[in-house]
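First the structure, in the form of structure tokens, and then the observations on it.
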Amino acid sequence: MKATQLYNQLEKDFVKLDFTEDWYEDNWKTKDYICDNFKQRSMGLLCDFAEEVNKVYTAVFPSNAVLTNILDDGITDAMLFLHHPLDWDLSKNPSIAFYEMDIELLDKLKANRISLFNFHLPLDNFSEYSTSKTLAEALGIKIEASFGDYNGAACGIIGTTECKTVHELNEKYSRIVGHKTKLYKYGDDIIKDGKVGVCAGGGNDMEIVSKLIANNINVHVVGLSVNNNYSAEVHSLEKKNNVNLLGGTHYSSEKYACIAMCRYFEKLGLKSEFIHGSPCLEDL
């Protein structure tokens with residue numbers, strides 16, 4: 001497939017609202033690799049290195065391990081579809097979290113004609129492939145409605161679970177993602193009416209939690225759940241209103257959307273492969 005055709009199809013299928021993003025900064029060391037398209041909108045085509053795309057890789061973050069994995073395939077004329085344009089690692093420095101891609105690896109991707117494309121809000125926004133919907137489905141949660149307005153994206157869902165208690169749901173969360181998850185038990189053990197809120201990634205947000213409280217929901221499933229200087233206020237709100245918080249890490253809560261995107265690319269007639277990353281347990 002022509003690369004421009006693929007880029008245009010992604011824009012047509014996912015950018016249906018006036019999303020606002022602000023990832024890009026002029027002091028990026030990688031700025032010479034970044035497309036004007038991304039510099040202007042902080043979404044879409046990130047690095048335009050290919051004219052033809054014969055295979056698409058998907059990943060949550062562009063970590064060195066992910067980029068190296070693709071290069072080790074020895075492939076050319078491909079594209080990496082990313083949920084985030086930067087890598088994530090709270091273990092290095094809790095006040096930084098996001099890190100730019102490695103320039104040497106970008107050089108190699110360019111030489112192999114492997115473009116990079118990024119959708120953050122467009123993938124968070126409720127759709128067949130969105131982050132919270134796919135996480136809810138992985139947890140066996142029956143979706144009733146989408147909600148939330150994060151810079152134009154309906155990033156959360158409300159649904160019902162067959163789990164009776166918050167401990168049972170947390171144990172299931174751990175089994176599904178394949179590592180320990182974190183329960184902040186701020187409320188009753190029993191899940192009220194089986195209803196839960198799900199907002200993958202950084203969904204532990206004041207506005208999101210306020211809407212759950214208004215809907216009498218006492219369980220909130222997220223990615224980032226760490227209680228630190230940045231999140232103390234929302235933890236206080238949850239504790240005050242008896243809302244239990246379950247965290248599964250930034251990576252693990254959002255990987256299901258990138259896995260689902262392989263179906264999207266395959267429907268376009270392209271081979272597709274999800275590249276696994278590593279959860280940062282400091283997120284919990």
Side-chain angles (χ1 to χ4, degrees), residues 1-53 56-64 66-67 70 77-89 96-132 148-155 200-203 205 207 250 254 257-258 261 264-265 268 270 272 275:
M1 178 182 287
K2 292 290 184 183
T4 53
Q5 180 184 351
L6 178 56
Y7 306 153
N8 291 336
Q9 191 66 50
L10 281 161
E11 293 281 350
K12 178 182 177 182
D13 291 341
F14 287 90
V15 186
K16 300 180 182 298
L17 300 171
D18 187 19
F19 296 120
T20 301
E21 297 255 47
D22 58 357
W23 290 99
Y24 179 73
E25 297 179 0
D26 288 334
N27 63 354
W28 277 16
K29 295 176 182 178
T30 56
K31 64 182 179 181
D32 291 340
Y33 298 82
I34 306 302
C35 295
D36 289 340
N37 162 79
F38 190 87
K39 290 177 180 178
Q40 294 164 6
R41 304 188 307 152
S42 284
M43 70 177 74
L45 185 58
L46 181 61
C47 300
D48 189 10
F49 296 154
E51 293 185 4
E52 296 279 344
V53 173
V56 179
Y57 296 89
T58 70
V60 181
F61 302 108
S63 67
N64 287 357
V66 164
L67 300 185
I70 294 170
D77 302 301
M79 187 182 83
L80 170 59
F81 175 89
L82 293 160
H83 183 43
H84 292 274
L86 300 169
D87 192 16
W88 171 272
D89 191 348
I96 296 177
F98 282 109
Y99 295 86
E100 287 188 68
M101 290 179 284
D102 183 272
I103 288 178
E104 290 185 6
L105 294 176
L106 280 177
D107 277 328
K108 293 178 181 179
L109 290 169
K110 184 176 182 179
N112 286 5
R113 302 185 300 278
I114 302 174
S115 286
L116 292 89
F117 194 99
N118 161 248
F119 270 163
H120 181 240
L121 282 181
L123 197 60
D124 282 335
N125 189 47
F126 186 77
S127 75
E128 179 182 353
Y129 308 100
S130 60
T131 51
S132 294
D149 183 359
Y150 178 67
N151 291 338
C155 56
D205 171 87
E207 183 177 345
H250 199 169
E254 294 184 329
C258 294
M261 281 299 293
Y264 169 84
F265 291 114
L268 296 179
L270 291 164
S272 187
I275 304 298

Just to verify, what does Ser130 make a side-chain hydrogen bond (donor to acceptor under 3.5 Å, both in side chains) with, not counting sequence neighbours? none
Can you name the side-chain hydrogen bond (donor to acceptor under 3.5 Å, both in side chains) partners of Thr20, sequence neighbours left out? none
Rounded distance (nearest 0.5 Å) linking atom [atom1] of [X] with atom [atom2] of [Y]:
X      : Y      : atom1 : atom2 : value
His120 : Asn151 : NE2   : CG    : 9.0 Å
Leu116 : Met79  : CG    : CE    : 9.0 Å
Leu109 : Glu104 : CG    : CD    : 12.0 Å
Asp48  : Thr4   : CG    : OG1   : 9.0 Å
Ser115 : Asp77  : OG    : CG    : 9.5 Å
Leu67  : Met101 : CG    : CE    : 7.0 Å

Ring pair (Phe, Tyr, Trp, His ring centres under 6.0 Å) against Tyr264, all qualifying residues, sequence neighbours excluded: Phe14, Tyr129
Identify, with sequence neighbours excluded, every residue that meets ring pair (Phe, Tyr, Trp, His ring centres under 6.0 Å) alongside Phe98. Trp23, His84, Trp88
Given Ser63 and Asp87, is the side chain to side chain donor-acceptor pair (under 3.5 Å) satisfied, shown in steps? CA-CA 5 Å; Ser63 67; Asp87 192 16; 4.8 Å; no
Donor-acceptor side-chain pairing of Asp13 and Gln9 below 3.5 angstrom: yes
If I compare all heavy atoms of [X] with all of [Y], which pair ends up nearest, and what's the gap?
X      : Y      : result
Ala200 : Ser132 : N-OG, 3.0 Å
Leu80  : Ile70  : CD1-CD1, 3.7 Å
Phe49  : Leu106 : CE1-O, 3.9 Å
Tyr57  : Ile275 : CD2-CD1, 3.5 Å
His83  : Asn118 : O-ND2, 2.9 Å
Asn125 : Gly152 : OD1-O, 4.2 Å

Return each pair, listed once, that meets salt bridge (Lys or Arg N to Asp or Glu O under 4.0 Å) where at least one residue sits in residues 18-32; pairs must be two or more places apart or across chains. none
Side chains of Ile114 and Lys108: closer than 4.5 Å at any heavy-atom pair? no
For the pair Thr58 (side chain) and Phe81 (backbone), establish whether a donor and an acceptor sit closer than 3.5 Å, ignoring hydrogens and angles. no
Does CZ belonging to Phe126 count more than 12 external heavy atoms closer than 6.0 Å? yes
With sequence neighbours left out, the residues meeting side chain to side chain contact (heavy atoms under 4.5 Å, CB included) with Asn64 are Asp102, Leu105
Glu51/Lys2 ion pair, N-O < 4.0 Å: no
